[in-house]
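Quick notes on the structure that follows.
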Amino acid sequence: MKLRCAVLDDYQGVALSMADWSAVAGDVDVRVVREYIGDHERLAEAVGDCEILVVMRERTPFPEELFAQLPRLRLLITSGMRNAAIDLEAAARHGVTVCGTASNSEPPVELTWALLLGLARGLVPENTALREGGPWQSTVGADLYGQRLGLLGLGKTGARVAAVGQAFGMDVVAWSRNLTDERAGAAGVRRLHTKEELLESSDFVSVHLVLGESTRGLLGAAELRRMRPTAYLVNTSRAAIVDQDALAEALRGGWIAGAGVDVFDEEPLPAGHPYRSLPNLLATPHLGYVTRRNYEGYFQQAVEDIAAFVAGAPVRQLG
């Protein structure tokens, strides 16, 4: 009898076309679930017959209580090799093997610059006005050349963002708790000693930190008030690093000129959420990793993970 597999949160309906699933067709029946199902009981009803689930990043959390409602589940595959929304200890207690896939770091860098440039040059209001017959030119763009780009975090993604900023002729500085002068220097970036100095002196601030206890709520109301009223904040990392209510207040109050955000505390964002109506917020629905190359890699390696599990030799295990 074939195993049953469901691919969750396939918003675009592309999971089955992005990879060759024929390698597991003899052993597994695969179906996709395109809509987001946030309620655990509804999700258990939809996929409770499955031994295998494939999830996209952290779209659907898997805590202890959800594993308890999925007694048939034996293999959980996530895109990427890290997923904070999966309780790995709970998975082990319920006999569920968790495997991941490779992920490319370039797409989030590219989206970071799409947001930053969109903010700086007022692309959304200008495009809207052009399409709707509004005024011909209504904004004055912010310059990048000669301005300071402050990076909170200088890991793989942050370093790539820094290189682009340097190509634009920006003064790039960085801060994180563990950043050293040597690592900053290797990226051609100057390390600042405090985040307060970075916030107060930067024209653009971009967040590139891993979410953890030391970074959760790192930017709250007090920190946002330190930024210049002409400055812009971009966050393509994790929503909880920036206090969401404080950011909304900062945008309404004009503490900063604008923000570009790709991550939210609640996803999908509810229809009436204030972030949907703030005029100086450029927001995208968590698209940082959503590119063809990443998706092809995710789903092809998901097929490989399934084949290896069926063969009794799981690969790319997490935990």
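These values consider heavy atoms only, across backbone and side chains, with no hydrogens, waters or symmetry-generated copies.
In terms of modelled atom types and a separation under 3.5 Å, the side chain of Q301 and the main chain of A102 share a donor-acceptor contact. Within the 3.5 Å criterion, the main-chain N or O of A91 finds no donor-acceptor partner in the side chain of D87. Of the possible donor and acceptor atoms, none in the side chain of E58 sits under 3.5 Å from a partner among the backbone N and O of N83.
Between Y275 and F264, the angle of the ring planes goes over 60°, which puts this pair in the perpendicular group of the 30/60° scheme. Between Y295 and Y298, the ring-plane angle classifies as tilted under the 30° and 60° cut-offs. Ring planes of F62 and F67: tilted class, angle from 30 to 60°.
Annotation: Q12, atom CD; neighbour count of heavy atoms from other residues, nucleotides and ligands within 6.0 Å is above 12. Within a 6.0 Å radius of CD in E35, other residues, nucleotides and ligands contribute more than 12 heavy atoms.
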Determine all donor-acceptor pairs shorter than 3.5 Å in which one atom belongs to a side chain in residues 160-170; sequence neighbours excluded.
unit_1	atom_1	unit_2	atom_2	d
R160	NE	S105	OG	3.4
R160	NH2	E106	OE2	3.3
Q166	NE2	A187	O	3.0
Q166	NE2	G188	O	3.0

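Between A302 and V54, the shortest heavy-atom contact is CB-CG1, 4.2 Å. Of all non-hydrogen atoms in L75 and C99, the two that sit nearest each other are CD1-SG, 3.9 Å.
At a cut-off of 3.5 Å, with distance as the only test, a side-chain donor of S103 or R57 sits close to an acceptor on the other residue.
Residue pairs meeting the salt bridge (Lys or Arg N to Asp or Glu O under 4.0 Å) criterion with at least one partner in residues 133-151, sequence neighbours excluded, are R148-D171.
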